[in-house]
Novice: 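Can you keep this structure in mind? I'll have questions shortly.
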Amino acid sequence: MHYAVAKEGYRAWCNGYGIAATSRNVDLAYEWLNFWMDGYPGAQQSKIGYFSTSGGYDKYLEPDLIKQVYGGVGRDGGSLEERAKRVYVWNTRPKNLEYYTEKWNEFLAA
């Protein structure tokens, strides 16, 4: 499989976690955050093509998988660092969303 890269760059997204001010169980919320930051969930996500934003994933992944997913060995687009340099927009709703939607619908109708 090969991925096409638009000359404008990639559209990327990420997520962040936080504790709501109205949380009823702050200790449990911290436990959940600590679980996600430990590295195991990020390692599991790495296996399906996503990337961990926290360290520690490497203790749960085989060295060859780290080279492939993060280093870009045998992967289209190169390393994570190289791919990140080509991100055009990180927002989930870019300013020109209507344009993207129109073009996507044209593609689907073709």
Novice: Could you grab the distance from atom CG of N96 to atom OG1 of T101, nearest 0.5 Å is fine?
Specialist: 9.5 Å
Novice: Strictly distance-based, threshold 3.5 Å: is any side-chain N or O of S23 a donor or acceptor partner for the main-chain N or O of V26?
Specialist: no
Novice: Under 4.5 Å between side-chain heavy atoms, counting indirect links through other Ile/Leu/Val/Met/Phe/Trp/Tyr residues: same cluster for L80 and I66 or not?
Specialist: yes
Novice: Would L28 and W32 count as a side-chain contact (heavy atoms from CB on, under 4.5 Å) here? Give the steps.
Specialist: CA-CA 6 Å; L28 185 60; W32 186 82; 5.8 Å; no
Novice: Assess the pair Y70 and Y57: is the distance between their ring centroids shorter than 6.0 Å?
Specialist: yes
Novice: Under 6.0 Å from the OH atom of Y17, do we count more than 12 heavy atoms belonging to anything else shown?
Specialist: yes
Novice: Mind listing the closest non-hydrogen atom pair of L61 and S46 along with its distance?
Specialist: CD1-CB, 3.9 Å
Novice: Looking only at heavy atoms, what is the nearest atom pair of A43 and Y60, with distance?
Specialist: CB-CB, 3.5 Å
Novice: Does any pair with a residue in residues 48-71 pass salt bridge (Lys or Arg N to Asp or Glu O under 4.0 Å), and if so which ones, sequence neighbours excluded?
Specialist: D38-K59
Novice: Search all heavy atoms of G71 against all heavy atoms of S79 and return the closest pair with its distance.
Specialist: O-CB, 3.3 Å
Novice: With rounding to the nearest 0.5 angstrom, report the CZ to CD distance, R86 to E81.
Specialist: 11.0 Å
Novice: Does atom CD (E31) have a neighbourhood of more than 12 heavy atoms from anything else shown, all under 6.0 Å?
Specialist: no
Novice: When you look at I19 and L33, which way does the side-chain contact (heavy atoms from CB on, under 4.5 Å) test go after all the steps?
Specialist: CA-CA 9 Å; I19 299 174; L33 285 173; 3.4 Å; yes
Novice: Tell me, yes or no, whether the heavy-atom count around Y88 atom OH, taken from other residues, nucleotides or ligands under 6.0 Å, exceeds 12.
Specialist: no
Novice: What's the separation between atom CH2 in W104 and atom OH in Y99, rounded to the nearest 0.5 Å?
Specialist: 14.0 Å
Novice: Might you point out which heavy atoms bring Q45 and W36 nearest each other, and give the distance in Å?
Specialist: NE2-CZ3, 3.5 Å
Novice: Could you grab the distance from atom CD of Q68 to atom CG of L65, nearest 0.5 Å is fine?
Specialist: 6.0 Å
Novice: State whether the number of non-hydrogen atoms from other residues, nucleotides or ligands found under 6.0 Å of Y30 atom OH is greater than 12.
Specialist: no
